[in-house]
Novice: 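The structure follows.
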Amino acid sequence: MLEAPWRKTHARKQIAEFSIPSGGTIFQLRASRVATMSPPGWLLVSKGDGHCIFNPLLGNRIELPSLQKLRCRPPLHAVDLDWLKRLQRGPNRIHTIALSSSPLLSRSYTTMISIHRDLMDHEPLGFAFLRSGEDAWTLVSIESHLPRSSVVRLVHYNGLFVALDAHNRIMTLNERKGCMQLQLALGKNFRHCGYLVECSGSLLVAWQIEGEGDAPVIRVFKVDLKKGTLEEVKSLGNVSLFLNYNSSFSVEFNAKYPKSCLKPNHIYFIDYIDKKNKIYSMDDGKVEWHCAGEWFQPDF
């Protein structure tokens, strides 16, 4: 049986607290940063310059190499060497992160990250990946005709690492070539960044827009990477979406799912305008207030 989603809040400075929606703290985690990630069940935990991935359900922790341990694939060009030297100078940080599969379910998995300058500088620096058993990150290039921009979401879907950038472009990793390739320019000019989330085997992108009186409205689209198309989704049926800044997930409410105070065919999100946690109904567009915190789906 699946665990009901947990809420992540900050009890005190550098202390993340996890609780269940109906109330009651499960555990606390001390770190300078605790971020949700793809797939559900894992967290990125940062302490100073060190990073690890952590599964709180079983307590498994896997250390990640320093961001200064970087390499480029041959053949190396002058631009690659300049980029590598710039990244190695630091200080840098992991901006988004995703796994190809849970390390508890497969010994062979890949970790992918997007790298930004430190917290005071949001300059995007690129992508890198790490195969299980390796001790250094491999840099990923971007197709030369694509301008570098901030990566807002990173997931692993249907065997591919998929990134959404601030210009609403979807790129995927060609691991053989070590290159990010453009798959689809979404063509939406919404004010805020979208969310990527896998739902019932499909890849969805969701945007918050302003409705009447600045009331938030969530629009959801199904993405077909092969056809390069978008199709608007009007109902989620027995599923709800949980949208987080770092990663998002979906939950199907069925006989195997524990009873809780959560509702199907709803979207749980943080309003960009007032930074409050809210619930959006796909049935009638009504918006309700909800308890504070990011959402986390415990899993193996």
Side-chain angles (χ1 to χ4, degrees), residues 29-77 80-81 83-116 118 124-143 151 153-163 171-181 196 198 203 246-247 249 296-300:
L29 186 61
R30 183 182 294 274
S32 56
R33 181 190 178 200
V34 178
T36 57
M37 56 184 287
S38 170
W42 290 85
L43 296 165
L44 171 68
V45 179
S46 303
K47 295 183 179 180
D49 295 331
H51 305 278
C52 73
I53 54 175
F54 175 64
N55 186 302
L57 206 58
L58 297 180
N60 293 70
R61 184 185 301 266
I62 301 172
E63 300 294 329
L64 298 176
S66 164
L67 293 182
Q68 292 186 319
K69 298 184 72 173
L70 295 161
R71 62 188 178 195
C72 290
R73 280 185 168 183
L76 296 180
H77 305 287
D80 296 320
L81 291 173
W83 182 30
L84 180 60
K85 290 177 181 178
R86 184 182 179 194
L87 282 166
Q88 288 175 330
R89 285 197 298 267
N92 305 322
R93 65 183 178 92
I94 295 175
H95 181 58
T96 55
I97 180 171
L99 301 173
S100 62
S101 61
S102 169
L104 296 176
L105 301 178
S106 173
R107 292 184 178 181
S108 178
Y109 63 92
T110 301
T111 305
M112 186 168 180
I113 59 174
S114 66
I115 306 172
H116 276 205
D118 63 21
L125 297 177
F127 296 92
F129 67 85
L130 175 80
R131 295 190 182 95
S132 51
E134 294 181 337
D135 62 358
W137 299 97
T138 299
L139 288 176
V140 175
S141 61
I142 299 177
E143 289 180 316
V151 175
R153 317 289 175 225
L154 180 64
V155 302
H156 189 266
Y157 167 73
N158 199 25
L160 293 171
F161 284 105
V162 183
M171 297 173 283
T172 58
L173 171 65
N174 184 322
E175 194 168 337
R176 183 177 60 84
K177 294 183 178 180
C179 177
M180 293 299 290
Q181 297 178 324
L196 288 178
E198 184 174 355
L203 180 64
N246 293 287
S247 69
F249 60 92
F296 172 73
Q297 176 64 75
D299 203 346
F300 298 110

Novice: Leu173 and Met112: which non-hydrogen atoms are nearest, and at how many Å?
Specialist: CD2-SD, 3.8 Å
Novice: Considering non-hydrogen atoms only, spot the tightest contact between Ser132 and Ser108 and give its length.
Specialist: OG-CA, 3.5 Å
Novice: Check whether Ser114 reaches the backbone of Thr96 with its side chain - one donor and one acceptor, N or O, closer than 3.5 Å.
Specialist: yes
Novice: Apply the test side-chain contact (heavy atoms from CB on, under 4.5 Å) to residues Leu43 and Thr36: give CA-CA distance (whole Å), side-chain angles for both, the deciding distance (0.1 Å), then the verdict.
Specialist: CA-CA 5 Å; Leu43 296 165; Thr36 57; 4.2 Å; yes
Novice: By the side-chain hydrogen bond (donor to acceptor under 3.5 Å, both in side chains) test, which pairs, at least two apart or in different chains, include something from residues 39-54?
Specialist: Trp42-Ser102, Ser46-His51
Novice: Looking at CZ of Phe127 and CE of Met180, how far apart are the two atoms once the value is rounded to the nearest 0.5 Å?
Specialist: 4.0 Å
Novice: Going by heavy atoms in the side chains, are Leu64 and Leu44 under 4.5 Å from each other?
Specialist: yes
Novice: Is it the case that the side chain of Asn174 and the backbone of Cys179 share a donor-acceptor pair, with hydrogens and angles ignored and the cut-off at 3.5 Å?
Specialist: no
Novice: Which distance, rounded to the nearest 0.5 Å, do you find between the CE of Met37 and the CG of Leu154?
Specialist: 9.0 Å
Novice: What is the ring orientation for His95 with His116, classed by angle as parallel under 30°, tilted 30 to 60°, or perpendicular over 60°?
Specialist: parallel
Novice: To the nearest 0.5 Å, what is the distance between CZ on Phe129 and CD1 on Ile113?
Specialist: 11.5 Å
Novice: First locate atom CZ of Phe54, then atom CG of Asn60, and finally report the distance between them rounded to the nearest 0.5 Å.
Specialist: 8.5 Å
Novice: Suppose we screen for side chain to side chain donor-acceptor pair (under 3.5 Å). Which residues come up paired with Asn246, at least two apart in sequence or across chains?
Specialist: Arg33
Novice: So which heavy atom on Ser100 is nearest to which on Phe161, and how close?
Specialist: N-CZ, 3.7 Å
Novice: Which pairs count as salt bridge (charged side-chain N to carboxylate O under 4.0 Å, His left out) when at least one residue sits in residues 58-69, sequence neighbours excluded?
Specialist: none
Novice: Check Pro65 against Trp137 and note the closest heavy-atom contact, atom names and distance.
Specialist: O-NE1, 3.1 Å
Novice: Quick one: do Val155 and Glu198 satisfy side-chain contact (heavy atoms from CB on, under 4.5 Å)? Show the steps, please.
Specialist: CA-CA 9 Å; Val155 302; Glu198 184 174 355; over 6 Å; no
Novice: With rounding to the nearest 0.5 angstrom, report the OG1 to CG distance, Thr172 to Asn158.
Specialist: 11.0 Å
Novice: Run the ring-ring contact (aromatic ring centres under 6.0 Å, His included) test against Phe296 and tell me which residues pass, sequence neighbours left out.
Specialist: Trp6, Phe18
Novice: Could you tell me which non-hydrogen atom of Ala31 sits nearest to which non-hydrogen atom of Val45, and how far apart they are?
Specialist: CB-CG1, 3.6 Å
Novice: Just verifying a value: how many Å separate Ile53 CD1 and Leu99 CG, rounded to the nearest 0.5 Å?
Specialist: 4.5 Å
Novice: Could you list the residues that satisfy side chain to side chain donor-acceptor pair (under 3.5 Å) with Thr110, not counting sequence neighbours?
Specialist: none
Novice: Checking Glu175 now: which residues fulfil side chain to side chain donor-acceptor pair (under 3.5 Å) with it, not counting sequence neighbours?
Specialist: Arg131
Novice: Which atoms form the tightest heavy-atom contact between Pro40 and Asp299, and what is the distance?
Specialist: O-CB, 3.8 Å
Novice: Just by distance, do the side chain of Ser38 and the backbone of Ala98 share a donor-acceptor pair under 3.5 Å?
Specialist: no
